[in-house]
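Presented below is the structure to which this report refers.
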Amino acid sequence: MLAACSLLLAGSACQKETGMAPSPAATHATQEVKGAKEPKNKGRYLAFATSADFLEAAAQLDKLAPGETTTRHLEQWEKKYGFSSLRAHYAKKQQEKELKQKAKAGDGTTLRIPVDGEEPIEPYFEPYSEPVDEGLIIHDDFFAAMLSPEGTIQIEDKIFRIDLANNIVSYIPAMQDASYEQFVVAEPSENTTIRYFNFDEDVFGLLASGDQGTIYEESFRGTIRIGSGIGCGTSADGKEDPAYQYYANNRRLNCKLVYQSFGIYHSMVAKAHHQKKTWYGAWLGSPAVIDILPNTGAYWQPLCETFVESDTRSYSNYGAPYLGNETGDHNTVVHRYFSYMKGMKRYKGEVRFRIGQNITRTFSIEDKW
């Protein structure tokens, strides 16, 4: 799952913090809820008894052991619950793509790399990119580890679905789990009542205030939901700044700085992957020590709050094991700056990435700052 320098909504505990002053205020994502219950595997999705349990699980996912990589950590968490997640689905797609490329490269009759100035001859492999479906992907690996491959999760008495194609979070009552198949393909039937919210809304706040969302009908075509106006308004808009940064003819960093809102969860993440170009033209992960440098860092105001939080520290993947295959995160640095059930009112992020003596341009995102 993974191939980019991204400021994403994914956890930071997997990285080593390097010598900067601590953030003046702890992010909401690190607040622990005492007495939280473990999620239950319902076969297709995980179920959390309360929103507090969900929030605590998300906070605990941020806590990695020294030297433990994000991928290894999340794999062990999924294994604990016998759960096949959206994160694992992304990883499988990436591995299948790379294996297919290698298999073709091993057959001299099916591969010929074009020389300079020559048009590509089929099959010619495009540079590796994240395993996305039509550009739709959840960049926060920690949140993706809690979701089913269909993008679903049960919290309290509702099954939610992150519908990336329509930019909405929909839900059905958990008692209607027999209608799950219709729900995940967004095809309403007489036996289901699907409702939805927009990604930038405070879903749990609206539900608590009596707004049950808008009824999803077969005629839905990305209609903008007209909410009740209850609550603290909408979250800041999602933004991302992605780019490949080349420092040699066969070496590059795939970097991103991202803020994503999904109604029930919002996060800001920075991520970078080191890649090496193979002789047959594919870009695969390659071990490297990578740093995330503040320039000047990340700043945000949580929704419904008046104070501003910040993180101006540096992070590194130094010490991550140089073992495993090309998809392991020994080639990745990631830091999750913010993650919470409510979004941000405004934010600004500016970071750079470093590998050896090479430093990238500034990656920047902001909204309403």
Side-chain angles (χ1 to χ4, degrees), residues 1-27 29-30 61-64 66-74 130 139-143 238-247 251-260 267-275 285-300 309-322 328-339 344 347-366:
M1 50 204 351
L2 322 155
C5 234
S6 319
L7 180 56
L8 309 174
L9 299 135
S12 60
C14 56
Q15 307 304 331
K16 177 182 177 182
E17 181 183 322
T18 60
M20 305 297 287
S23 176
T27 179
T30 62
L61 271 177
D62 271 344
K63 300 178 180 179
L64 279 68
E68 185 180 28
T69 66
T70 305
T71 298
R72 176 66 174 170
H73 176 69
L74 295 180
E130 287 184 324
H139 293 293
D140 184 341
D141 298 339
F142 289 71
F143 183 44
K239 298 283 179 67
E240 69 174 297
D241 184 0
Y244 291 109
Q245 299 284 279
Y246 294 81
Y247 68 96
R251 298 287 192 282
R252 71 184 184 187
L253 287 176
N254 188 3
C255 307
K256 285 185 183 138
L257 173 59
V258 180
Y259 174 65
Q260 288 183 302
S267 59
M268 176 189 251
V269 182
K271 180 187 285 186
H273 296 263
H274 181 241
Q275 299 175 320
S286 178
V289 175
I290 316 168
D291 301 307
I292 299 174
L293 306 176
N295 192 51
T296 55
Y299 306 84
W300 63 91
E309 295 186 339
S310 65
D311 187 337
T312 58
R313 292 168 289 188
S314 296
Y315 297 91
S316 175
N317 69 340
Y318 178 80
Y322 272 31
D329 55 353
H330 50 286
N331 63 332
T332 303
V333 64
V334 57
H335 178 65
R336 180 160 64 176
Y337 288 85
F338 173 90
S339 59
M344 298 181 183
Y347 63 87
K348 181 177 183 179
E350 293 182 335
V351 302
R352 292 186 295 174
F353 301 89
R354 179 175 61 197
I355 179 168
Q357 300 302 311
N358 302 286
I359 300 178
T360 70
R361 68 165 174 82
T362 297
F363 285 74
S364 177
I365 58 173
E366 69 174 272

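Model, not experiment: these values are computed from the prediction.
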Looking only at non-hydrogen atoms, find the nearest pair between [X] and [Y] and report the distance.
| X | Y | value |
| --- | --- | --- |
| Ser314 | Leu293 | OG-CD2, 4.0 Å |
| Met344 | Met268 | CE-CB, 3.8 Å |
| Tyr315 | Arg313 | OH-NE, 3.0 Å |
| Asn317 | Ile290 | OD1-N, 2.7 Å |
| Ile292 | Phe353 | CG1-CE2, 3.7 Å |

Geometric class of the Phe142/His73 ring pair [parallel <30°, tilted 30-60°, perpendicular >60°]: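 Answer is tilted, since the angle falls between 30° and 60°.
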Parallel, tilted or perpendicular: which describes the rings of His335 and Tyr337, with under 30° parallel and over 60° perpendicular?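 Ring orientation, 0 to 90° scale: perpendicular.
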Validation row, ring centre Tyr247 to ring centre His274 under 6.0 Å: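 So the answer is yes for these two rings.
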Nearest 0.5 Å, please: how far is [atom2] in [Y] from [atom1] in [X]?
| X | Y | atom1 | atom2 | answer |
| --- | --- | --- | --- | --- |
| Asp311 | Thr296 | CG | OG1 | 11.0 Å |
| Tyr299 | Glu350 | OH | CD | 8.0 Å |
| Thr360 | Ile355 | OG1 | CD1 | 11.0 Å |
| Tyr246 | Gln275 | OH | CD | 8.5 Å |

Could you check if a side-chain atom of [X] sits within less than 4.5 angstrom of a side-chain atom of [Y], using non-hydrogen atoms only?
| X | Y | value |
| --- | --- | --- |
| Arg354 | Val333 | no |
| Val334 | Asp141 | no |
| Val351 | Thr362 | no |

Answer yes or no: is there a donor N or O on one side and an acceptor on the other, between the side chain of Lys239 and the main chain of Glu366, under 3.5 Å? yes
Is there a donor in the side chain of Ser316 and an acceptor in the side chain of Asp291, or the other way round, less than 3.5 Å apart? yes
Test side-chain contact (heavy atoms from CB on, under 4.5 Å) applied to Leu61 and Phe143, step by step: CA-CA 9 Å; Leu61 271 177; Phe143 183 44; over 6 Å; no
